[in-house]
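Quick notes on the structure that follows.
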Amino acid sequence: MHLKSILTSGIVTGISIMAVGGGLVPIIGNQMEEVLRNRLLPPLSNGAMAYFAFYSLAIGIGAMGFYALVKSRVPSKPKAILTTAFVFWFFTYFLANAALVAYGFMPLGLTVIGTAWGLLELLIGITVGSMIYKEENV
């Protein structure tokens with residue numbers, strides 16, 4: 001594994017995740033604002049948006065670190081991308097979003113859309129990041 005390449009490709013992956021994530025906004029419209037309002041919470045602030053940007057970058061870097069690990073054991077690049085995306089999706093999107101539904105905080109329909117979109121974000125982000133990631137030559 002090559003740390004500098006993981007960081008560089010991870011940042012690009014995180015930016016890709018943010019870009020794809022922005023595409024969800026027109027699909028869900030004001031549904032998230034309605035959920036927050038129904039729970040007597042304020043709309044998302046600039047600070048919350050900054051947090052989500054940081055979170056996307058952290059997920060991107062973590063995903064590319066995991067991709068490097070998987071890629072060293074799986075010779076197929078597409079299989080390494082899919083494995084990384086599904087594992088990261090399960091632990092960072094599916095379980096967290098399922099918990100929000102279980103607690104009754106998020107409606108099921110909105111959660112299913114967001115969770116599925118998360119898989120798309122990861123697949124695209126990791127694919128883009130994998131084009132930049134270079135393994136260390138030994």
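Since this is a predicted model, take the numbers as computed values, not measurements.
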Residue that, paired with [X], satisfies side chain to side chain contact (heavy atoms under 4.5 Å, CB included) out of [options]:
| X | options | result |
| --- | --- | --- |
| I61 | V12, T13, I11 | I11 |
| L122 | I59, V87, V20, I81 | I59 |
| T83 | L69, V70, I126 | V70 |

message: Measuring only between side-chain heavy atoms, which start at C-beta, is L82 closer than 4.5 Å to L123?
response: yes

query: Does a side-chain heavy-atom distance below 4.5 Å link F86 with L119?
result: yes

task: Heavy atoms only: give me the nearest A80-Y67 pair and the separation to one decimal.
output: CB-CE1, 3.8 Å

query: G129 and S9: which non-hydrogen atoms are nearest, and at how many Å?
result: O-CB, 3.4 Å

query: Are M131 and Y133 connected, step by step, through hydrophobic side chains (Ile, Leu, Val, Met, Phe, Trp, Tyr) whose heavy atoms are closer than 4.5 Å?
result: no

message: If I take atom NE2 from residue H2 and atom CD1 from residue I6, how far apart are they, to the nearest 0.5 angstrom?
response: 9.0 Å

message: Nearest 0.5 angstrom please: K71 NZ to M64 CE, how far?
response: 11.0 Å

- prompt: Do any N or O atoms from the side chain of T8 and from the backbone of S5 form a donor-acceptor pair under 3.5 angstrom?
  reply: no

field: W89 side chain to E121 backbone, donor-acceptor under 3.5 Å
entry: no

task: State which residues pass ring-ring contact (aromatic ring centres under 6.0 Å, His included) with F54; sequence neighbours excluded, sorted by chain then number.
output: none

- prompt: Within a radius of less than 6.0 Å around CG of N38, do more than 12 heavy atoms belonging to other residues, nucleotides or ligands occur?
  reply: yes

Side-chain donor/acceptor pairs under 3.5 Å, residues 96-105, sequence neighbours excluded:
residue	atom	partner	partner atom	Å
N97	ND2	Y93	O	3.3
N97	ND2	T115	OG1	2.9

